[in-house]
Number of protein chains: 2
Amino acid sequence: MVAATIKDVAAAAGVGIATVSRVFSGTGAVGAATRERVLAAARDLDYHPSAVGRSLKTRRTGGVGLAVPDVTDPFCADVVAGVLDCARTLGQHVLLDATLGDPAREAEIADRFAEQRVDGVIAVPSGIGDPWSGFVRTGVPLVYVGRVPSCRDGGGTVPAVLADDAAGIRSAVEYLVGLGHRRVGFLGAPAPGTPPDVREDAFRAALSALGVPVDDDLVARARPTRDSAYAAAAGLLQRRSDLTAVLASGHLPGEAAVLVARELDLRVPADLSIAMVDDIAWAELADPPLTAVNRPARDIGHRACELAARGTVRRGPSGPVLLPTELIVRGSCGPAPSRRDRARH
Amino acid sequence: MVAATIKDVAAAAGVGIATVSRVFSGTGAVGAATRERVLAAARDLDYHPSAVGRSLKTRRTGGVGLAVPDVTDPFCADVVAGVLDCARTLGQHVLLDATLGDPAREAEIADRFAEQRVDGVIAVPSGIGDPWSGFVRTGVPLVYVGRVPSCRDGGGTVPAVLADDAAGIRSAVEYLVGLGHRRVGFLGAPAPGTPPDVREDAFRAALSALGVPVDDDLVARARPTRDSAYAAAAGLLQRRSDLTAVLASGHLPGEAAVLVARELDLRVPADLSIAMVDDIAWAELADPPLTAVNRPARDIGHRACELAARGTVRRGPSGPVLLPTELIVRGSCGPAPSRRDRARH
DNA sequence: CAACATCATGGAAACGTTTCCAGAAAAGGG
DNA sequence: CCCTTTTCTGGAAACGTTTCCATGATGTTG
């Protein structure tokens, strides 16, 4: 009923516990015959060395903590998959938890990870506050993923693995403007949040770089929920019926744009071109298939885990790791309709 | 640099370690003044009680192990979210790993969980073999989710939390037949796999219960990958152009059916009705929106975690927990076209 | 005020490992 | 055959907690 310990195995094999330990931890030399006897005894007793005993002594748990806003989100899920993938090759296990974007939960999770003495921490910060920076003081490798908290810790820079969102947005904007669009809407992150939205900034910058006037009225903001995204999209598209294209800064606003366009009987892409950030499964399935900016979520997770688990050398002011995005062109964007075309419809 | 221990706190507060322990574990009585001094010292030292020290003594780690085939799969992701949710309320943490449907990996993960001394295990078994049953001998609560392994352990029945797949399939079949469909295709799980597919069985049973002849040629099987599903769907729809409806036993074959129908210029639902199991996000987004059988994945995870973490009383031969499915009717199914209608197109 | 119950506290023994150290056995060299 | 080197092995001390037990200090009751 109760798990066998190293003592049981030692007794059964007629050896000292030190020998059993050497057999299982691989360190030190053990005679071939002895090793066999130990292994046999262990098999008989169904012995699994206790990680908690070991961790206490070695002061390493072999686990990394991973906190994401929501495992149900396809981007997060891919990040998790990447981390799991890498952790496996490194022989680490993964403690997962979901912050739900709530700073309070985030802090709880950070505490839990600290108690559990994880060897590394990977966090997709919620943006407000930073319960994670405490780990750098205790020497636990910490890696931010996807974004960095607004208020950074004072001293050393925390490593981060990010998608090159600015470049991704730029590529989408250039593509749309190249198709002749001048009045492009943007569905972005909430304004009240403290951190200025990188994507919105990139959107504005890309437009003005191309000589297209930027209109504050063209950007709508929503919290990361279906309802909020839908409301924002509906608001934007109704308010500005002159829009010929919309760029959604995530899959939720992208989904909302598709639904609202359908609702308003706008043909895609004849009346309205739609592009979004995050190339998730349904983008290909929609009708027409959606043009999207792909973020290498899985690679991001993989990379972050390497950094967190290997406890990489504390690098100086070298910036965050930026992974390239890719514009996946599908059928949802077309040439900008002339005003006459739109009126006809 | 190195984390403070209970001794450090005791020294700083000028008390014995037992007292510090009592303050943090909440057991036993501590004078108000002493408690304050201890808490202050702990705050100064940024002390987090070590879970590994505690676990060694109490022989409980406060963690549950969760193994799913693929966190990227929406169903699995929802299960994970449910588990996380429940674990949080129970004060447990979650060790997550992905089996990728590979029995070897599955066994590795089971070993890892055993080493980590998790307090409970939740597994979506791959179906072949059963590396999990070892836990029942060691008294670790084990719960299967989504399905049960083909070869069950001999003695006690392992609790399981499942969607009532048979009922779900039945409801879909009844719905389709009610619309007049007689030749309904089925996209199911691989045949070579040992366990007879519950859903396929239910499909056959439902059809014959309604007096519709079941034709072996109407069922196609695929492994759970996009490619395999697509091949199966293409094969089925080309081979049997007389089909008026298809029921996909998962979102991958569902996706495949949609794509193949589009490829073959079949109008949905005029030429072909499509329904699938798993009501995932894009079902509503597709055009037309897809009729689907919803499995309460989140609830399943929640429920499983309750069972696993509470170490519920070892019940006798009471069967698995069956959670109800729900048929979500959308626009992808219509009345069966007459042969003439189909020819006209 | 004596006798006793209650409360707050610290010492010390576990829990299951790893690892240092020292001793024994085996192997090799003259 | 003895001495040195190498290889193998076991004892014991950590690692950071919890918890039993004993002790001293209070408070209560007759």
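In what follows, chains carry the letters A, B, and so on, assigned in the order in which the sequence lines appear, proteins first and then strands, with residues in each chain numbered from 1.
Residue A/Ser21 places none of its side-chain N or O atoms closer than 4.0 Å to OP1 or OP2 of C/dT17. Between B/Arg117 and C/dC15, a side-chain N or O to OP1/OP2 separation shorter than 4.0 Å is absent.
Rounded to whole Å, the distance from CG on B/Asp8 to C1' on D/dC15 is 13 Å. The separation between A/Leu45 atom CG and C/dG16 atom C1' is 15 Å, rounded to whole Å. For the pair A/Arg59 CZ and D/dA14 C1', the computed distance is 10 Å after rounding to whole Å. With rounding to whole Å, A/Lys7 atom NZ is found 13 Å from D/dG11 atom C1'. As rounded to whole Å, 7 Å separates atom P of C/dT19 from atom NZ of A/Lys57. Rounded to an integer number of Å, the gap from B/Arg60 CZ to D/dT19 P is 12 Å. Taking atom CD1 on A/Ile6 and atom C1' on D/dG11, their separation rounds to 13 Å, with Å as the unit.
Checking side-chain atoms of A/Arg112 against main-chain N and O of B/Gly91 turns up a donor-acceptor pair under 3.5 Å. Listed for the B/Gln92 side chain is no donor-acceptor partner under 3.5 Å among the backbone atoms of B/Ala309. Judged by distance alone, with hydrogens and angles left aside, the side-chain atoms of A/Arg117 form no donor-acceptor pair with the main-chain N or O of B/Ala51 at under 3.5 Å.
Comment: A/Arg303 engages A/Glu306 in a salt bridge, judged by a side-chain N to carboxylate O separation of less than 4.0 angstrom.
Taking the six-membered ring for Trp and thresholds of 30 and 60 degrees, B/Phe24 and B/Tyr47 have ring planes more than 60 degrees apart, a perpendicular arrangement.
Residues A/Asp78 and B/Thr72 meet the side-chain proximity criterion, which asks for heavy atoms closer than 4.5 Å.
Residue A/Tyr47 has its side chain nearest to C/dT17 when only D/dG16, C/dT17, D/dT19 are considered. Side-chain proximity of A/Leu56 to the nucleotides C/dG11, D/dG10, C/dG16 is greatest for C/dG16. Of the candidates C/dT18, C/dT17, D/dT17, D/dT17 carries the atom nearest the B/Arg54 side chain, counting heavy atoms from C-beta on.
Take the nearest nucleotide of DNA chain D for B/Ala3 and for A/Ile17: the residue whose nucleotide is more 5' is A/Ile17.
Separation of atoms CZ (B/Arg60) and CG (B/Asp119) is listed at 4.0 Å; rounding is to 0.5 Å.
Nucleic acid contact for A/Gly26: none, since no nucleic acid atom lies under 4.0 Å from a heavy atom of the residue.
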Which atoms of nucleotides 5-9 of chain D (N or O only) lie under 3.5 Å from a protein N or O atom, and what are those distances?
{"residue": "D/dT9", "atom": "OP1", "partner": "A/Thr34", "partner atom": "OG1", "Å": "2.2"}
{"residue": "D/dT9", "atom": "OP2", "partner": "A/Gly31", "partner atom": "N", "Å": "2.6"}

